[in-house]
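Presented below is the structure to which this report refers.
Proteins come first, then strands; the chains are lettered A, B, ... in the order of their sequence lines, and each starts at number 1. Since this is a predicted model, take the numbers as computed values, not measurements.
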Number of protein chains: 2
Amino acid sequence: MTTETLNIREMCDAFHVTPRTLRFYESKELLFPVREGQRRLFTKRDRARLKLILRGKRFGFSLEEIRQLLDLYHMNDGQEAQLSKTYKLAERHLSDMEAQKAELEEAISELKEQINWCADKLSQMSKEKTVAA
Amino acid sequence: MTTETLNIREMCDAFHVTPRTLRFYESKELLFPVREGQRRLFTKRDRARLKLILRGKRFGFSLEEIRQLLDLYHMNDGQEAQLSKTYKLAERHLSDMEAQKAELEEAISELKEQINWCADKLSQMSKEKTVAA
DNA sequence: CGTTCCGTTTACGTCAACGTCAGCTTTGCT
DNA sequence: AGCAAAGCTGACGTTGACGTAAACGGAACG
């Protein structure tokens with residue numbers, strides 16, 4: 001049977017993070033590893049959460065923002081008020097992300113242009129060299 | 001004639017940043033305002049650079065990474081070695097950004113799913129309330 | 001049975017990206 | 001001339017997200 005839970009070392013290797021990072025995330029209530037004695041064991045749920053945490057970070061969300069969003073992904077029994085609050089938060093994040101996507105697309109096309117200009121310049125320079133030789 | 005250069009206050013208003021930020025960027029060699037006496041005057045070039053800086057920041061690039069990329073956008077007279085170095089850097093950033101875009105799209109669609117699930121749950125709850133009444 | 005790994009807690013250190021404050025010119029206005 | 005507003009230069013403070021080091025516990029191995 002494939003390991004149901006990971007110890008800290010396995011978890012680190014699986015996600016390329018340090019033990020310090022995992023303990024830190026636990027202290028911030030982003031992860032909730034169970035304990036075997038005093039050692040941490042990371043469950044499937046922790047792995048799903050960590051994946052989302054790392055993704056969120058890549059998009060520039062703070063750990064606190066991510067923590068709130070994680071509630072949405074792991075909500076089963078929320079009260080209506082809480083649920084509706086999280087819902088609104090998620091909608092804001094969604095529109096943030098869509099704006100980000102539009103901007104990203106613009107930035108990509110501009111960067112491509114610059115790269116082409118750059119490539120032209122380089123090929124031009126190598127040509128001149130050949131001619132000079 | 002429309003102002004050719006902006007003083008620090010105008011520059012701040014135009015980009016919604018603080019004077020401290022502009023001085024900080026200058027100290028990090030991201031901006032190069034000219035001086036009129038001891039006061040800074042921001043040129044068109046500075047405005048173009050600041051726009052790119054702020055964009056880069058939104059995508060999670062560090063100021064140092066951005067500084068290197070700016071070299072690409074304002075390169076006219078670079079030596080071949082330098083140009084080719086910057087070119088490679090730009091290509092790495094481009095592929096970073098394209099990977100980021102793909103991930104962002106995935107994240108968006110997942111978040112949308114969750115939001116729909118959430119909306120269902122909420123409408124279901126309000127229905128139950130109505131029935132109970 | 002010693003020691004060598006893991007792992008744990010506690011606590012202080014660090015780095016980026018500014019914020020904030022003090023003290024000093026310079027400029028514009030009256 | 002007087003004075004407030006705007007800018008300048010240090011210099012120290014702050015926040016988020018960890019790094020790093022010290023000191024300890026258990027278990028596994030020769």
Quiz prompt | Distance in angstrom units between B/E64 CD and C/dA16 P, rounded | solution = 9 Å

List the atom pairs, donor and acceptor, that lie under 3.5 Å between side-chain atoms in residues 83-90 of chain A and the rest of the protein, sequence neighbours left out.
| from | atom 1 | to | atom 2 | distance (Å) |
| --- | --- | --- | --- | --- |
| A/T86 | OG1 | A/Q82 | O | 2.9 |
| A/T86 | OG1 | A/Q82 | NE2 | 3.3 |
| A/Y87 | OH | A/E91 | OE2 | 3.4 |

Quiz item: Between B/L63 and A/R9, which is nearer to the 5' end of DNA chain C once each is assigned its nearest nucleotide?
Solution: A/R9

Self-check item: Proximal nucleotide (of C/dG19, C/dA17, C/dG7) relative to the B/T18 side chain
Solution: C/dG19

Quiz item: Does anything in residues 19-26 of chain B reach DNA chain C, meaning a heavy atom under 4.0 Å, and if so which residues?
Solution: B/R20, B/T21, B/F24, B/Y25

Quiz item: First contact, last contact: which nucleotides of DNA chain D are these for chain A, 5' to 3', heavy-atom distance under 4.0 Å?
Solution: D/dA17 to D/dG25

Quiz item: When you check the gap from the basic side-chain N to the acidic O, do B/R47 and B/E10 get nearer than 4.0 Å?
Solution: no

Quiz item: Is B/F59 linked to A/I108 within one hydrophobic cluster, defined over Ile, Leu, Val, Met, Phe, Trp and Tyr using a side-chain heavy-atom separation of less than 4.5 Å?
Solution: yes

Quiz item: When you check the gap from the basic side-chain N to the acidic O, do B/R92 and B/E65 get nearer than 4.0 Å?
Solution: no

Quiz item: Hey, does the side chain of A/N7 come within less than 4.0 Å of C/dC6's phosphate (OP1/OP2), counting only N and O?
Solution: no

Quiz item: Heavy atoms under 4.0 Å, any strand shown: does A/K28 hit a base, just sugar-phosphate, or nothing?
Solution: nothing

Exercise. Using the test ring-ring contact (aromatic ring centres under 6.0 Å, His included), find all partners of B/F61 that sit at least two apart in sequence or belong to another chain.
Key: B/H93

Self-check item: Any pair counted as ring-ring contact (aromatic ring centres under 6.0 Å, His included), so long as it reaches residues 23-56 of chain B, sequence neighbours left out
Solution: none

Quiz prompt | Closest contact, heavy atoms only, B/L72 versus A/C118 | solution = CD1-SG, 3.5 Å

Self-check item: Set of salt bridge (Lys or Arg N to Asp or Glu O under 4.0 Å) partners for A/R35, sequence neighbours left out
Solution: A/E26

